[in-house]
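Keep in mind that the numbers below use all heavy atoms, side chains included, and drop hydrogens, waters and symmetry copies. Protein chains get the first letters and strands the later ones, always in sequence-line order, with residue 1 at the start of each.
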Number of protein chains: 2
Amino acid sequence: MAESARTAPVEQSPATVISIGDLRTRCSRCDIRELCLPVGLDANALRQLDDVVTTRRRVKRGEPLYRSGDAFLALYAVRVGTFKTTLLTADGREQITGYQMSGDLLGLDGIASRRHRCDAIALEDSEACVMPFERLSDVARAVSALQQSLHRFLSREIGRDQQLMLALGRLRGEERVAAFLVNLAERHRARGFAANEFVLRMTRAEIGNYLGLELETVSRLFSRLAREGLLQVDGRVVRSLDLEGLRKRAGERC
Amino acid sequence: MAESARTAPVEQSPATVISIGDLRTRCSRCDIRELCLPVGLDANALRQLDDVVTTRRRVKRGEPLYRSGDAFLALYAVRVGTFKTTLLTADGREQITGYQMSGDLLGLDGIASRRHRCDAIALEDSEACVMPFERLSDVARAVSALQQSLHRFLSREIGRDQQLMLALGRLRGEERVAAFLVNLAERHRARGFAANEFVLRMTRAEIGNYLGLELETVSRLFSRLAREGLLQVDGRVVRSLDLEGLRKRAGERC
DNA sequence: CGGAGGTTTGAAAAGAGTCAAAGGTCGTGG
DNA sequence: CCACGACCTTTGACTCTTTTCAAACCTCCG
């Protein structure tokens, strides 16, 4: 069935739809499947999921994967790149509510209302697998391991959101920045990258926005942490993170 | 099967387990079923859910329904009363991450790790239906409407959390308090209560905690809004809410 | 190589936190 | 039924963090 969609890849903006049959990168062969929805599925279950995920979308840096108010038709799994999700206040102020890396799911907040409830914007040229939700639900009913995995991802998203609430509600600026860096480091580690050295995909303004701070405050706090030897900053490159030291700054008052 | 558990209600602290057979308040007869997980289920599906929800728990004001770290065995649905969920920083500061009223579900964040990730505390003497999660999952696989409802509740929780993030990250104190009151009013309305007049179940400290403010700040902001004619405050009783005016204060910069 | 966008730093202002004190409310036990 | 204590609320005065406004610098892309 998926094989019938063997058309040439279409290259058109803003978000290109790609038939997956061409690319031989079904879930069953995807090298991030252990980070992603397929985690824990056996070979048979994987094959069923392959039939759900028949297309991918390329999204250029700064372009939306979807926008608030769009009809909710599918969940997305980040394959390559990073995204942010943002919400707007009535008067147009923006709050970044999530930062998604490879293996993370996008669109979970749209299930309830059948409309997307935030904007999902690519932070670099990125690629996401499209999982039409009706089909996914159907397969989840048949394949208990997939149902479990979906529940787990929904629940994990709630847990993450609550961690961010904790940061926004109770931590001061320096603690928020430290917690942000520790969190990024751990997610890089989970993906097999260096934990104490990476490139930020967000601007100071975006980091500040995510953390409920102004960009100048973020810049000052990076400088302060650097002055105190907890990291080196060079624009968007951070190096030599002292993760233990940062963890101490993130929540444990000195 | 549930009928076999026809024992006398046990009255013991801190949280009393009640067999539901005694109380004739299965989901199928529960008067809040339209606000709760059963929403949209037909008679047959409801009967299957009745077999999942065989017990309830009474929780006294200030007592926990569960604590962070407890094994995750069940989801809970608030039947009577209100709860708060709280998270702690490493150094013991508390952040309230949720405020649950009748029909709301508790425990969703525990599915991923099979441990509860927050404390759920009763704000008044309350009662929650116990929904053992394995059974619930099984029935959800068989009853597609229940699966949908569960997904919807999980998704709605994510949406709610993101609204709170928006408030914590981008709104100033006065806006947060206004948004909080509007949100409470709407939830009261949905439950058939007066929207512009109700009793707060939280102390100033708890409201402040929820909103990322100190209790003194909340008290001052209530006084200010009252002085400006947007509501009347008398301890925990708020009256004559000017919902339109409050909505204006909550996000639309004057 | 020009310019837009991003970053850093300083100085002043505003918002919220902290500390303190007094008054109010509620439930319990005498 | 009253009194006591525990807890909650309000308000003031002062402090501190973060924001706001401003200016200069950097750097990366076309």
Ring centroid separation for A:Phe180 and A:Tyr210, is it under 6.0 angstrom? yes
For C:dT9, does OP1 or OP2 lie under 4.0 Å from any side-chain N or O of A:Ser219? no
Spacing of A:Met202 atom CE relative to C:dT7 atom P, expressed in whole Å: 12 Å
Any donor-acceptor pair, under 3.5 Å, between the side chain of B:Arg220 and the base of C:dT18, if you only look at N and O atoms? yes
C:dA16, C:dT7, D:dT11: which one has an atom nearest the side-chain heavy atoms of B:Arg172? C:dA16
Considering just the side-chain nitrogens and oxygens of A:Thr217, establish if one lies under 4.0 Å of OP1 or OP2 belonging to D:dT18. no
Just call it for A:Thr203: base, sugar-phosphate, or nothing, with non-hydrogen atoms closer than 4.0 Å on any strand. sugar-phosphate
Describe the nucleic acid contact of A:Leu215 in one word from base, sugar-phosphate, nothing, applying a heavy-atom distance below 4.0 Å. base
Check the distance between C:dT9's P and A:Arg227's CZ and give it to me in whole angstrom. 7 Å
Result for 5'-nearest mapping on DNA chain C, choosing between A:Asp234 and A:Arg170, is A:Asp234
Between CG of B:Asn209 and P of C:dG17 the distance, given in whole Å, is 11 Å
Pick the closest DNA chain C nucleotide for A:Arg61 and for B:Glu216 by heavy atoms, then say which residue is nearer the 5' end. A:Arg61
How close or far is atom C1' of D:dT10 from atom CZ of B:Phe222, stated in whole angstroms? 13 Å
Tell me the closest heavy-atom pair linking A:Phe222 and A:Leu181, and the distance in Å. CE2-CD1, 3.8 Å
By the 4.0 Å heavy-atom rule, please label B:Gly208 as base, sugar-phosphate, or nothing. nothing
Measure CG/B:Leu221 against C1'/D:dT10 and give the value in whole Å, please. 13 Å
B:Glu214 CD to C:dA16 P, straight-line distance once rounded to whole Å: 12 Å
Apply salt bridge (charged side-chain N to carboxylate O under 4.0 Å, His left out) to the pair B:Arg247 and B:Glu244, showing each step before the final yes or no. CA-CA 5 Å; B:Arg247 244 184 281 269; B:Glu244 260 329 295; 3.1 Å; yes
Provide, to the nearest angstrom, the distance between the CZ atom belonging to A:Arg224 and the C1' atom belonging to C:dT7. 18 Å
Phosphate contact (C:dT9 OP1 or OP2) by A:Ser223 side-chain N/O below 4.0 Å: yes
From CG of B:Leu211 over to C1' of C:dA16, roughly how many Å is that when rounded to an integer? 13 Å
Any carboxylate oxygen within less than 4.0 angstrom of a Lys/Arg side-chain nitrogen, looking at B:Arg249 and B:Asp242? no
Any donor-acceptor N or O pair under 3.5 Å, side chains A:Gln95, A:Thr89: no
